[in-house]
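Counting convention: from 1, in listed order, for ligands and their atoms alike. All values below were derived from every heavy atom in this structure, side-chain atoms included, with hydrogens, water molecules and symmetry-related copies excluded.
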Amino acid sequence: MSRYLIFILAYCLGAIPFAYLAGLFKGIDVRQHGSGNIGTTNAFRLLGVKLGIMVLLGDFMKGALSAYLGLWAFGPWGGIIGGLLAMASHSWNPFFGFRPSGKGVAAGFGIITILMWKVTLIAISVFILVVWLTRYVSMGSVTGALTVLIMVFVFPEPFEYRVFAVVAVLAVLVLHRANIQRVLNGTEHRFGTKK
Ligand code: G3P
């Protein structure tokens, strides 16, 4: 079996829309409610804690597994290509016409946990702190992503991981444009409220 099939597998894993599938259990199309995002935060918001945790694990694991398989088969470049393919199909999902579908944060954390765990620990700490202080998950995501971008250059990470950080963080920021706009307008959802 060609090792390159791992990249097809990574793309397919990323495309599994866990939030959408979990919504089917409750008869809720997550695309039509909340932020409309097919991601972990909207799953927590619409489906509750239990299904939210399952979606979080699913999204995290598909990123982690894709990076792990790529790393195992091809080393650092394989790790980042596997991770980026999973993020691409998660965030512009082929099952939903390649429209923006997930914001890449849970899957991204899965990827960097495999590739650079020290950077991940710091970024997750910043994410949790910012969400706790502001109750905006999106602001936790944006500041967590920016932390990754800084820390990947602070720690002696391989060149490949720095390339990954630049591309992935740019994607996360682009996917959060509407959230940033809503924070500025004061209309962004606050975690733990119905608004
Ligand atoms: O990780 C996604 C989060 O930062 C924002 O999600 O559903 O509020 O747009 P959402």
Would you say Arg182 and Asn185 are linked by a side-chain donor-acceptor pair, where the criterion is simply a distance under 3.5 Å? no
ring-ring contact (aromatic ring centres under 6.0 Å, His included) against Phe96, all qualifying residues, sequence neighbours excluded: Tyr20
Rounded to the nearest 0.5 Å, how far does CE of Met54 lie from OG1 of Thr40? 12.5 Å
Between Lys103 and His176: side-chain donor-acceptor atoms closer than 3.5 Å: no
Collect the protein residues that have a non-hydrogen atom under 4.0 Å from ligand 1 and hand them over in chain and number order. Ser35, Asn37, Thr41, Asn42, Arg45, Lys103, Val105, Val137, Ser138, Ser141, His176, Asn179
Plane angle bin for Phe7 and Phe74 - parallel if under 30°, tilted between 30 and 60°, otherwise perpendicular: parallel
Taking Ser35's backbone N and O only, do any of them form a donor-acceptor pair with Asn42's side chain (distance below 3.5 Å, no angle check)? yes
